[in-house]
Amino acid sequence: MPELPEVEVVRRGLQTWVSGRTIADVQVLHPRAIRRHLAGAEDFAARLGDRTVGDACRRGKYLWLPLTDTDTSVLGHLGMSGQLLVQPQDTADEKHLRIRIRFADALGTELRFVDQRTFGGLSLHENAPDGLPDVLSHIARDPLDPLFDDAAFHAAIRARRTTVKRALLDQSLISGVGNIYADEALWRARIHYERPTATLTRPRSAELLRHVRGVMTAALAVGGTTFDSLYVNVNGESGYFDRSLDAYGREDQPCRRCGTPMRRRPWMNRSSYFCPRCQRVPRTPS
């Protein structure tokens, strides 16, 4: 799944190439791509026609395009393989093209939603008073948001009977962090993924947040993390932060800090990567 850096890269591309343009027409080429828009494909296309796209927005892993002079937004979720591509109109259709959005201008480009596995999609939603699509009201701010409250985050995780990686992936506590960047931040902070959050002091949680922000900022600078051809920016280009990963995917390779072979453990239908020396297993109370 794309995490905050990958989605932010796409948001920036949409801001550059789509925001401010007026929609001429919409073609829905696969019903699953708008399955979250319960009124169906015809309604979706009709309500977007002649609307102007506002500034591209993001919270955590979700991004949306407000429609100016309305209280609605087009919400995009990339799922496992979704791509929002800005393509010349005469470019051949991608094999898994699901939605095409054309614009009423002479720029000669269109927005395409391409999704091999059809887990993602676009949908139209009413905006809440704060400007968020109403379905995102439960999503917390992300750590790169200037209004993210570090003190509130610390208090919330200390109050929960959970472990630190579970807390990082809880979108109601902090949004945008997924499996890859959680492992990277925990390695940088020298914290084992199963450490109980109740044991984190305020300085320790502040240090963890600093590393979460650090790894995401570094990933953003190089376009995010790409392991296959499915994640790309709006121009079809892959990111290359995978070359800089310190923990994720490095099983049996030497820890870049101490040289101990990295380990992988099954975790919630995923994997956790860690250094057994730098990230000690938490002691079990006797």
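Keep in mind that the numbers below use all heavy atoms, side chains included, and drop hydrogens, waters and symmetry copies.
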**Message:** Between Arg166 and Tyr193, is there a side-chain heavy-atom distance shorter than 4.5 Å?
**Reply:** no
**Request:** Under the salt bridge (Lys or Arg N to Asp or Glu O under 4.0 Å) rule, collect the residues that match up with Asp93, sequence neighbours excluded.
**Result:** Arg100, Arg112
**Request:** Have a look at Phe274 and tell me which of Arg265, Arg250, Arg280 forms a side-chain contact (heavy atoms from CB on, under 4.5 Å) with it.
**Result:** Arg265
**Request:** Say whether Tyr273 and Gln253, considering side chains only, have a donor N or O and an acceptor N or O under 3.5 Å apart.
**Result:** no
**Prompt:** Is the shortest side-chain N to carboxylate O distance from Asp43 to Arg47 below 4.0 Å?
**Reply:** yes
**Message:** Within this structure, what is the OH-CG distance for the pair Tyr62 and Leu136, rounded to the nearest 0.5 Å?
**Reply:** 7.0 Å
**Message:** Regarding Arg36 and Ser123, do their side chains bring together a donor and an acceptor under 3.5 Å, going by distance alone?
**Reply:** no
**Asked** Between Glu94 and Gln83, is any side-chain donor less than 3.5 angstrom from a side-chain acceptor?
**Response** no
**Request:** Output all residues satisfying salt bridge (Lys or Arg N to Asp or Glu O under 4.0 Å) with Arg264, sequence neighbours left out; order by chain, then residue number.
**Result:** Glu251
**Qualifying residue for side-chain contact (heavy atoms from CB on, under 4.5 Å) with Leu14, from Asp55, Val53, Leu111** = Leu111
**Asked** Between Asp142 and Arg58, is a salt bridge (Lys or Arg N to Asp or Glu O under 4.0 Å) present by the stated rule, with each step listed?
**Response** CA-CA 9 Å; Asp142 65 65; Arg58 178 194 56 75; 2.8 Å; yes
Result block: side-chain N/O donor-acceptor pairs under 3.5 angstrom for residues 156-164, not counting sequence neighbours:
from, atom 1, to, atom 2, distance (Å)
Arg158, NH1, Ala198, O, 2.4
Arg158, NH1, Leu200, O, 3.2
Arg160, NH1, Asp170, OD2, 2.7

**Item:** Electrostatic pair Arg141-Asp149, nearest N-O below 4.0 angstrom
**Value:** no
**Request:** Give a yes or no on whether the backbone of Ser271 and the side-chain of Asn179 come within a donor-acceptor separation of less than 3.5 Å.
**Result:** yes
**Request:** Identify whether the distance between the nearest side-chain nitrogen and carboxylate oxygen of Arg188 and Glu184 falls below 4.0 Å.
**Result:** no
**Asked** Below 4.0 angstrom, N of the basic side chain to O of the carboxylate: do Asp183 and Lys165 qualify?
**Response** yes
**Prompt:** Hey, is Asp150 close enough to Arg213 for a salt bridge, meaning N to O under 4.0 Å?
**Reply:** yes
**Prompt:** When the ring planes of Phe148 and Phe153 are compared, do they come out parallel, tilted or perpendicular, using 30° and 60° as the limits?
**Reply:** tilted
**Message:** Regarding Asp115 and Ser81, do their side chains bring together a donor and an acceptor under 3.5 Å, going by distance alone?
**Reply:** yes
